[in-house]
Amino acid sequence: MTTINNQLAAMNKTHLWHPFTQMKDYNESDPLIIERGEGIMLIDVNGRAYYDGFSSVWLNVHGHNVPELNQAITEQLGRVAHSTLLGIANVPAIELAEKLIHIAPQGLNKVFYSDSGATGVEIAIKMAFQYWHNRGMKEKTAFITMNQAYHGDTIGAVSVGSIPLYQEVFRPMLFPSHVIPYPYAYRHEGGAAAAKEAAISALRHLLETRAHEIAALILEPIVQGASGIIVMPPGCLREMAALCRKHDVLLIADEVATGFGRTGAMFACDHEDVTPDVMVIGKGLTGGYLPVAATLTTDEVYNAFYASHEEQKTFFHGHSFTGNPLGCAVALANLKLFEERNIVEGVKAKAAFTRHKLAMLQERPHVGDIRQQGLMIGIELVRDKETREPYNWTDRIGYHVCQRARELGMLTRPLGDVVVFMPPLVSSEEELEAMIDILTKSIIDITEGGPAA
Ligand SMILES: *Cc1c(COP(=O)(O)O)cnc(C)c1O
């Protein structure tokens with residue numbers, strides 16, 4: 001057993017290049033190798049179990065190795081694993097599209113599949129661009145994004161993103177986007193109301209002066225994830241959507257992280273009754289099982305492409321695995337479990353429980369801000385609570401807290417100095433409590449000079 005594991009560890013170091021990972025750090029550390037999952041636990045090759053405290057990077061809904069989801073895949077596997085969606089349909093892709101339209105904000109009527117959040121975003125921006133082109137408004141080509149936005153890692157998605165760390169090297173390859181502030185209440189003088197006003201007025205100004213050259217605004221509704229789980233003040237999303245409508249600019253809602261119950265509603269847009277023109281979903285769509293994403297849009301957008309062959313309005317985009325039947329089958333089973341187990345209602349109750357349990361952490365001397373929307377939680381650690389002075393980035397405080405959490409039996413990943421807690425939506429109160437205990441102890445140990453500091 002140990003020899004096999006040592007071999008695996010050696011092969012991992014020799015042959016694998018991990019995403020978002022400095023491999024030198026990684027190879028000098030003690031890499032974790034997962035072998036299986038059980039409920040909300042992941043179990044490594046040595047038999048040690050860890051809570052999946054970040055839902056395997058924000059994907060997981062019903063836990064791992066779920067009999068109903070497994071069965072949906074094996075049943076579909078007995079029929080066909082893959083068949084193209086290029087001009088040919090398949091059964092689960094059709095059934096899933098119908099279901100998605102049923103649960104999506106009203107007015108979204110068409111589903112375009114892909115295989116990751118980034119490809120879904122890529123489709124959204126090409127769709128928005130060509131929408132105006134097909135309507136003869138060829139000058140509407142630019143995009144507005146929000147400060148520190150994350151929309152994925154393909155070149156188009158990075159171009160409409162706004163995290164300098166992911167952009168700098170590639171700057172010459174990117175197309176420029178307009179950037180407006182995202183309301184970050186904790187780091188805005190004047191707090192939530194002023195932060196909201198700054199974002200809205202920046203958008204208003206841009207639209208009043210430049211709407212004629214702008215195709216769309218892309219944003220992460222209600223919660224901006226990768227920037228540090230930043231929650232919009234109430235009403236902000238709705239006002240931004242109204243401004244876009246008024247100025248004839250499309251709204252693209254990137255619900256890749258926020259969709260499927262994560263924020264306490266099926267989609268974050270539901271909190272403010274907003275129907276975007278384009279909505280991107282991924283991550284929780286398959287319960288975190290298989291790589292399926294989708295870009296949903298309105299009849300109005302779809303109809304701008306609907307024309308005779310000669311008019312050349314076709315949307316030339318697609319992937320080998322677009323509409324993959326196995327992925328669509330497990331997504332259907334996922335949505336069935338959402339209904340049967342009343343997952344979205346459950347998230348609201350669990351979120352309230354979690355908020356209550358986390359309140360004690362707010363007293364700690366280095367916990368600056370606890371941000372929560374549903375079961376999407378970020379804990380911002382600061383060197384000085386009074387002045388909100390951040391830690392030195394070289395201290396890697398978030399990283400060390402997460403390493404400590406792993407030692408104590410829970411997996412998560414930081415966003416800089418923000419410790420992320422995104423448990424699978426099915427986590428029980430007992431499990432939530434156990435995870436919050438680990439989180440609390442890890443933060444205290446690292447920021448208050450506990451044993452591992
Ligand atoms: C994760 C994420 C993406 C990218 O999705 P991938 O499946 O990793 O390509 C895009 N947008 C948001 C908001 C995300 O959180």
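Both ligands and their constituent atoms are indexed starting at 1 by order of listing.
In this model, a donor atom of one side chain and an acceptor atom of the other lie less than 3.5 Å apart for Tyr289 and Asn70. No side-chain donor from either of Asp115 and His319 sits under 3.5 Å from a side-chain acceptor of the other.
Remark: Arg187 CZ is packed, more than 12 non-hydrogen atoms of other residues, nucleotides or ligands lying under 6.0 Å away.
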Test salt bridge (Lys or Arg N to Asp or Glu O under 4.0 Å) on Lys24 and Glu28; report intermediate values, then the result. CA-CA 6 Å; Lys24 183 169 186 292; Glu28 286 165 6; 3.0 Å; yes
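At a 3.5 angstrom cut-off on N or O pairs, Lys283 counts as close to ligand 1. Taking distance alone, with nitrogen or oxygen atoms compared against 3.5 Å, Ala118 approaches ligand 1 more closely than that limit.
Residue Val401 comes nearest to Ser442 through the heavy atom pair O-CB, 3.6 Å, listed as atom of the first residue, atom of the second, then distance.
Note on ring orientation: taking the six-membered ring where Trp is involved, the planes of Tyr391 and His366 are tilted (angle from 30° to 60°).
Residue Ala257 has at least one heavy-atom neighbour below 4.0 Å for each of these atoms of ligand 1: 15 (O). Within ligand 1, counting atoms from 1 as listed, the ones closer than 4.0 Å to a heavy atom of Asp254 are 10 (C), 11 (N), 12 (C), 13 (C). The ligand atoms of ligand 1 that sit less than 4.0 angstrom from a heavy atom of Gly152 are 4 (C), 10 (C).
Taking the six-membered ring for Trp and the full ring otherwise, the centers of Phe315 and Tyr131 sit at least 6.0 Å from each other.
Between His151, Glu255, Glu122, it is His151 that holds the heavy atom closest to atom 10 (C) of ligand 1.
Contacts of Glu220 with ligand 1, taken as heavy-atom pairs under 4.0 Å, involve the side chain alone.
Gly117 N, 2.8 Å is the protein heavy atom nearest to atom 7 (O) of ligand 1.
Residue contact check for ligand 1: Val121 places no non-hydrogen atom closer than 4.0 Å to it.
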